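See below for the structure under consideration.
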Amino acid sequence: MNFHILTLFPEMIEQGLNTSITGRAISNGLLSIEAINIRDYAFNKHQSVDDYPYGGGAGMLMQAEPVYLAYEAVRKKIAERKPAEAETEEPAEAEQLEEKPVTGSEEESVKEKKLRVVYLSPQGDVFSQGMAEELAKEEDLVLLCGHYEGIDERVLEEIVTDYVSIGDYVLTGGELPAMVMVDAISRLVPGVLHNNVSAEFESFQDNLLEYPQYSRPEEWHGKKVPPVLMSGHHANIEKWRREQSILRTYERRPDLLEKSNLTEKEKKWLKDQIND
């Protein structure tokens with residue numbers, strides 16, 4: 001998967017994402033993270049990309065043209081890469097493509113597929129695990145980081161497909177939210193995690209929080225590991241983990257339970273736990 005991050009602070013992105021799991025995935029060729037400096041597309045010698053907003057008001061606004069030119073550079077780069085990738089296909093794959101010609105409507109649909117551009121903004125939809133799963137299906141994803149008092153509305157209307165927020169609070173810029181999104185989405189790309197099953201059972205899968213986990217020693221500060229986890233009985237362990245996920249979600253994020261798919265038996269079990 002290829003991330004293209006439009007920012008005024010590329011070094012912040014590079015330093016934050018070239019470590020740990022994402023850094024290893026980049027080294028292994030599973031991810032590509034490109035930080036594009038919007039200042040490189042400024043049209044003045046000082047590389048200034050902001051100006052005063054029409055109508056007055058506090059602060060400065062990022063201008064439309066540098067943002068648009070940075071986006072266009074990414075779009076053209078992706079368009080040039082596609083034919084090159086097609087040429088490197090295996091002969092068998094190429095033959096299969098020849099056997100199934102694309103119809104006029106299908107060809108038009110492929111051409112019209114717009115590059116996904118996410119603008120990080122407190123005005124957007126709140127980022128969630130479900131959104132991460134959806135965006136992880138994209139081959140290329142552009143993340144646009146605002147700064148100052150925001151970006152000229154006209155370029156947003158021109159290029160942005162999604163407005164996304166990571167919460168109801170204001171940050172200095174979109175770089176930190178962009179890194180949060182890259183981290184969450186990257187974990188869902190096949191091969192990024194050493195154990196591909198781990199992403200499936202983490203918090204928010206099925207809208208439930210993750211169950212409590214324990215490691216050695218068996219007893220620490222008088223607290224013992226639950227016996228079921230040492231029983232070796234996998235069915236009982238899975239049942240315990242599921243129940244603990246439900247209970248923890250009720251205690252810490254009850255709003256998620258409304259979206260989870262609990263069985264009638266599980267609902268009754270939870271009710272009994274609450275009443276005890």
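Quick caveat, the model's predicted, so the values are computed rather than measured.
Heavy atoms of other residues, nucleotides or ligands lying less than 6.0 angstrom from CZ of F43 number more than 12. Within 6.0 Å of atom CD in E218, 12 or fewer heavy atoms from other residues, nucleotides or ligands are found, so the atom counts as exposed in its surroundings. Annotation: Y169, atom OH; neighbour count of heavy atoms from other residues, nucleotides and ligands within 6.0 Å is above 12. The local environment of CG in N44 is crowded, with over 12 non-hydrogen atoms from other residues, nucleotides or ligands closer than 6.0 Å. Summarising the local packing, OH of Y250 is surrounded by 12 or fewer heavy atoms from other residues, nucleotides or ligands at distances under 6.0 Å. Crowding of E157 atom CD: a count of heavy atoms from other residues, nucleotides or ligands under 6.0 Å exceeding 12.
Ring pair Y163/Y119 is perpendicular by interplanar angle, where above 60° counts as perpendicular and below 30° as parallel.
Minimum interatomic distance between C145 and I151 (heavy atoms only, all atoms of both residues): O-CD1, 4.5 Å. Residue A70 comes nearest to I36 through the heavy atom pair CB-CG2, 4.2 Å, listed as atom of the first residue, atom of the second, then distance.
With contacts defined as side-chain heavy-atom distances shorter than 4.5 Å, the pair P212/R248 qualifies. Using a 4.5 Å heavy-atom threshold, the side chains of L257 and L208 count as touching. With a 4.5 Å cut-off on side-chain heavy atoms, L262 and W269 do not count as touching. In this structure, the side chains of M62 and H147 come closer than 4.5 Å at one or more pairs of heavy atoms. Under the 4.5 Å side-chain criterion, counting only non-hydrogen atoms from C-beta, L176 is not in contact with L120.
A salt bridge links R81 and E139; the closest N-O separation between the charged side-chain nitrogens and carboxylate oxygens is under 4.0 Å. Between E243 and K239, at least one side-chain N (NZ, or NE/NH1/NH2) sits under 4.0 Å from a carboxylate O, which counts as a salt bridge. Ion pairing between K267 and E264 holds under the 4.0 Å rule for side-chain N and carboxylate O. Salt bridge R75/D140: absent, no basic N to carboxylate O contact under 4.0 Å.
Clustering ILVMFWY residues whenever any of their side-chain heavy atoms sit less than 4.5 angstrom apart, transitively, puts V228 in the very cluster that holds V225.
To the nearest 0.5 Å, the span separating CD on E175 from CG on L8 amounts to 6.5 Å. Between M1 atom CE and L31 atom CG the span is 8.5 Å, to the nearest 0.5 Å. Rounding to the nearest 0.5 Å gives a distance of 8.0 Å between CD of E133 and OG of S128.
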- Task: Test salt bridge (charged side-chain N to carboxylate O under 4.0 Å, His left out) on R116 and E134 and set out the steps.
- Result: CA-CA 11 Å; R116 201 83 178 262; E134 181 203 345; 2.6 Å; yes

- Show your reasoning for whether salt bridge (charged side-chain N to carboxylate O under 4.0 Å, His left out) applies to R242 and D206. CA-CA 11 Å; R242 173 76 177 180; D206 194 24; 3.0 Å; yes

- Task: Could you give me the CA-CA distance, side-chain angles and deciding distance for R241 and E238, then say whether salt bridge (charged side-chain N to carboxylate O under 4.0 Å, His left out) is met?
- Result: CA-CA 5 Å; R241 286 175 169 171; E238 289 307 311; 3.5 Å; yes

